[in-house]
Amino acid sequence: MPKKYHIEINPTPLDLKLVAKFKITRGENCINCGKCTKVCIYEAHKRSEADIRKIAEPYMVACKNCFRCIQECPRGALVKSLDPEFQALGGPYWKPDMFLSIWKQAEDGKVPVSGAGYRGPFTGPGFDGMWTDMSEIVRPTRDGIHGREYISTAVELGRKLNHLEFDASGALVSKVFDVVNVPIPIILDIPSSELITPNIKQAIVAAAKKIDSFVILPAENITDDVQKNMQHIIPLMSAEQVLFHAELIRHARVIAIDYSDALLKNFCSIRESVRNLSPALVIVRIPASSGIEERVVELVRAGVEIVQIAADYCGMEVPGGRYIKDVIRAVHLRLVDERVRDEISIIASGGIAMAEHVPKACICGADLTAVGLPLLIALGALVYQEPEKKIVMPEGIDTVPVAIARQRIVNLMGAWHSQILEMMGAMGIREARRLRGETGRAIFFDEIDKDIFGKLFQNQEAASV
Amino acid sequence: MKPDSVVIKPIPSRFKHQVPKYKVTRSDACINCGMCAKSCPYGVHERIEGHNKMRPPIDYKCIGYECRKNDEFYCVYRCPRKALSLSLNPMYDALGDCRWTSDMIVATWIMAETGYPPERTDLGYNLGNSGGGFDKLRLKFPENPAKVNREEISTAIRLNRRADGRADVVISTPVYGGGMSFGSVSLATMLSKARNAKIWNTFTCTGEGGYPEMLYPYDDHVITQVATGLFGVREETIQRVKIVEFKYAQGAKPGLGGHLLGTKNTESVARMREAVQGTPLFSPFPFHSVYSIEDHKKHIDWIKQMNPKALVSVKVSTPNDVDMVAVGSYYAGAHIIHIDGGYGGTGAAPDIAKKNIAMPIEYAIPKVHNFLRDEGARDVVTLIASGGIRTAHDLVKAICLGADGAVIGTAEMVALECVRCGNCESGRGCARGIASTDSELADLFNDDWATQRLTNLYHAWNYQLVDILQRMGMKSVTELVGRTDLLEHVDYS
Ligand code: SF4
Ligand code: SF4
Ligand code: SF4
Ligand code: SF4
């Protein structure tokens, strides 16, 4: 058995001001009896250190909403509410609870677990409109907890052959393309250098190295301090800049070029100039917008081997209005129809916010995903969708030691990796490569709701007349 | 109808204060005249002689906006200085979520306290706010139902329909308690579930992890579970009971194994599970000896051999092919097919699994019901649904979709004053003592209190069920099975 891919986690709290979900205020009628300090098993209530006759302000990050202090205070002096600061976080896509979950995973690297059932909506737009399937009876992957070791999350970047050709003497005549292995279907994605302080950049690059994956960084932002890890950096540039960044390309295993009409027209010669510099693979990064299926087919015909389909930060196609899940599905099916699906790898990005989005994007047809915002959130960033997109890095972020920031990102990816394994195990899929386009192992809300409830309840009136 | 053993007694909350829905605000205009204290019959306002200020209002006692119609005492109108106002309490938003709304939790508490559905009309407790499934289904009542008296209505269902000479088990209400294992809930919780099962002539389930001696007096109302880890499974326990349940998977973590941390494998847990104290215990997924329906049959035969009277229940989660699995289980000899959807679950489970793996129970029920019917097997098996049955209305909808009855878990926990904070497994366990074996926390209530709360909750549900059957003009809950024509879906009508 080959050495198992493993992400080493390590509890790493971040000493920054965190937003708490709840707020508790203590009314004037508090008699400082101390009951609340006794009933709160999470130690949110404590006596004041300055004056032990008094009770300190509640430490709300510790509160787990058990309501005991509220219900047991003899005076009913405590009032609880949702913290408006918490409620203002994110928006319809980046739900406030996602932040708590990402923070926790970045801190402990563990799969989030809770009791008493699911709490969210029945279904929702985008990835929330699908469930993954599982099977009750043993499949080959199913060797219980020990089976996890046999599940591989590795995927390949690059073109695959449809079939191999041999000559009469049995020698291989097909040219086998270069591919790059990524042990987890996730690459890190920081396409803009805004907000990224040098320590954070170093931490993200170090994390990419640690998990043996890549990070996409704008070429002009690849400063000397990170160049030693060029093996894990994908420089992103425009088609015109290829020669200008020759030195970076020479050391990179993969590079990324922004899509443009010029790129499409001159792809052959641009690819050739890259090939003259290094064997690096080339990703074409294209924004998700309506009609993208067509453009991806053109890219394949032009010889592009990897495409990154980038939705906006909420996983939306602009313009177009489809969710990344539906965009990827459409592109995948289109390429299958054209019989060219294996000639290209697809990276889905934009709106990948939770571990479940990774296998779901793959089921919809991506080979792997690229993740951006969650990395910043792991470091305490606050994201607001309304009134317009705003990302606020926590104060003091520029002085967080690289090792701590790196470990938090590694922890988050470790937690995601474990969750991907859980889902794959349940699906009975042993290799992440086989997830691609496996819609048979998924249940789509639109389809099942129509198939079951639609049949039962549509035109019920008409039928009973 | 309820069995004679059911006695309804009001049993109050363990806590001094309830979570208030309304907020009564007194402004500085108050002159401490005490008029409100004299008017409000619910004791919200308190004036203490000699104090120069009124006590802060006790919000949770206030009945809210419906009080407006009470000309003779509505405090907001009666206050001579217009110092009082009424609003929704922000505290209420901190309770509950879209599946279990705050109204639903509070109504369940009231049912457990009184034994009846709430009298107040301001709680929308029959529907959650999840935007799908049960929450989009509505009951349709006929305009001119046949006239039936409450006393004539039967809520009993038979669990053995195979006519195979095994026990003819009938439960008095079409609901029983889900499996919660020794070690995952407090002893009082476990014992009260069994006591209530006996009172209601229904069942509770041990969950995986053995058959504690304290349940022996309730043998006839306990389902013992055979799960993949086979922990605590012994010939002797299989022979004690009337129903043995094979747990292939559970909805909250379909396709995932169980893992009991070494630290939770205490001396008593280890003894019960026949394991070595302090070692982590894995329940693999799935049964390592089951690769086919034939293997499955072998297991069922094994149980049947060991206990010639017992019924066999097969618990599965809800993948796409759940219908096939159900039919396979029927052919393998199961009496009860128990399908468990992902949105429920009481024990700790990975969030990713609860939300994403396998289909919600609302789809699985009609899928399995119809498939069994097409196979000609529907009349000879009992179909039980679980995983997201929160209220009596969910129960009725599940039956209309094709189930014979339901298993509940979270609703029982809420009856014991669970607030659904979800921290059952973190640190010392449940802060409210329901799902904890921590010596201090597990003592927060005793099983007498808990048993009465559960008995009351079951009664309130049964009472609502009888109400609905009466409005449908039916004499038995069995007439409701598969009657999707009595439901409508807000998206498709
Ligand atoms: S229990 Fe209530 S009265 Fe006692 S110290 Fe806490 S807030 Fe004050
Ligand atoms: S609600 Fe519970 S966890 Fe939160 S402060 Fe009060 S006692 Fe502590
Ligand atoms: S609104 Fe009615 S119930 Fe509420 S405090 Fe006033 S009088 Fe009492
Ligand atoms: S920990 Fe919270 S969710 Fe779990 S049983 Fe206790 S109150 Fe309920």
Side-chain angles (χ1 to χ4, degrees), chain A residues 22 27 29 41-42 64-68 70-74 76 79-82 101 111-123 131-138 142-146 354-356 360 419 422-423 425-428 443 448-449 452-454 456-458 460-461 464, chain B residues 15-17 19 56 58 90-91 93-94 97-99 130-133 248-249 254-257 282 284-286 290-291 316 319-320 325 343-348 350-359 363 366-367 410 418-425 428 431-432 435 484 488-489 492-493:
Chain A
F22 303 101
N29 52 333
I41 64 169
Y42 308 107
K64 300 218 177 181
N65 205 26
C66 76
F67 274 93
R68 277 193 64 188
I70 306 293
Q71 293 191 263
E72 296 188 50
C73 164
V79 174
K80 170 162 227 188
S81 57
L82 285 165
S101 174
V111 176
V113 167
S114 63
Y118 172 59
R119 297 177 163 65
F122 185 85
T123 179
W131 298 276
T132 58
D133 202 13
M134 49 82 63
S135 64
E136 220 67 57
I137 300 226
V138 177
R142 295 302 180 63
D143 260 332
I145 199 85
H146 304 295
M354 305 166 82
E356 69 208 50
K360 283 181 173 181
Q419 291 171 81
E422 299 278 19
M423 286 183 93
M427 269 185 274
I443 303 165
I448 192 167
D449 204 66
I452 293 186
F453 285 169
L456 285 175
F457 302 115
Q458 190 100 57
Q460 202 182 47
E461 311 300 317
S464 61
Chain B
F15 297 103
K16 184 167 164 63
H17 300 281
V19 182
I58 305 171
M91 193 115 88
D93 293 334
D97 49 74
C98 64
R99 282 199 67 77
S130 75
Y248 273 80
L256 273 49
F282 294 105
F285 178 85
V290 180
Y291 283 79
V316 295
N320 246 329
V325 173
Y343 285 169
T346 50
D351 293 343
I352 193 167
K354 290 191 281 199
K355 180 180 173 200
N356 298 296
I357 307 180
M359 67 176 74
Y363 299 133
K367 211 166 149 68
T410 303
C418 161
V419 283
R420 282 177 50 77
C421 63
N423 303 303
C424 328
E425 195 95 330
R428 293 163 63 192
R432 297 169 75 93
T484 50
E488 60 189 345
H489 190 290
Y492 297 100
S493 57

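FYI, side chains are in, hydrogens and waters are out, and symmetry mates aren't considered; it's all heavy atoms of this structure. Naming: A, B, ... by sequence-line order, numbering from 1 per chain.
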### Query
When heavy-atom pairs shorter than 4.5 Å are enumerated against chain A, which of B/Gly131, B/Ala94, B/Pro56 gives the highest number?
B/Ala94

### Message
Nearest 0.5 angstrom please: A/Gln71 CD to B/Lys16 NZ, how far?
### Response
12.5 Å

### Heavy-atom pairs under 4.5 Å with chain B, option from A/Arg68, A/Lys360, A/Met354, A/Glu72 with the top count
A/Arg68

### Query
Where does the angle between the aromatic ring planes of A/Phe453 and B/His489 fall among parallel (under 30°), tilted (30 to 60°) and perpendicular (over 60°)?
tilted

### Query
If you look at every heavy atom in B/Arg432 and A/Cys66, which pair is closest and at what distance?
NH1-O, 2.7 Å

### Task
Can you see which heavy atom on B/Val419 is nearest to which on A/Asn65, and at what distance?
CG2-O, 3.8 Å

### Query
If every non-hydrogen atom of A/Gly120 is compared with every non-hydrogen atom of B/Ser130, which pair is closest and at what distance?
O-CB, 4.4 Å

### Query
When heavy-atom pairs shorter than 4.5 Å are enumerated against chain B, which of A/Ser81, A/Gly76, A/Ala355, A/Pro112 gives the highest number?
A/Pro112

#### Entry: For chain B, the option from A/Asp133, A/Ile41, A/Val79 that forms the most heavy-atom pairs under 4.5 Å
A/Asp133

### Summary
If one checks every heavy atom of B/Arg420 against chain A at 4.5 Å, the contacting part turns out to be both

### Task
Let me see the working for B/Asp351 and A/Ser114 under side chain to side chain donor-acceptor pair (under 3.5 Å), right down to the final yes or no.
CA-CA 6 Å; B/Asp351 293 343; A/Ser114 63; 2.7 Å; yes

### Task
Indicate yes or no: at least one non-hydrogen side-chain atom of A/Arg119 is less than 4.5 angstrom from one of B/Arg99.
no

## Note on the structure
Here the gap from A/Trp131 atom CH2 to B/Met359 atom CE, rounded to the nearest 0.5 Å, amounts to 9.0 Å

### Message
I'd like to verify something: which residue of B/Thr410, B/Asn320, B/Asp93 has the highest number of heavy-atom pairs under 4.5 Å with chain A?
### Response
B/Asn320

## Note on the structure
Checked B/Pro90, B/Ala431, B/Cys418, B/Cys424 vs chain A; the most non-hydrogen pairs under 4.5 Å come from B/Ala431

### Summary
When rounded to the nearest 0.5 Å, the distance separating CZ of B/Phe15 from CD1 of A/Ile70 is 12.0 Å

### Query
Given that the side chain runs from C-beta out, which part of A/Asn29 has a heavy atom under 4.5 Å from chain B: side chain, backbone, both or neither?
side chain

### Task
Go through A/Tyr42, A/Phe122, A/Phe67 and name the one with the most non-hydrogen pairs under 4.5 angstrom from chain B.
A/Phe122

#### Entry: Closest approach of A/Gln419 to B/Ile352 (non-hydrogen atoms, all atoms of both residues)
CB-CD1, 3.5 Å

#### Entry: Closest non-hydrogen atom pair between B/Pro366 and A/Ile452, with its separation
CG-CG2, 3.6 Å

### Task
To the nearest 0.5 angstrom, please state how far the CE atom of B/Met91 sits from the CZ atom of A/Phe22.
12.5 Å

### Summary
Heavy-atom closest pair (A/Ala426 atom, B/Ile357 atom, distance to 0.1 Å) is CB-CD1, 3.9 Å

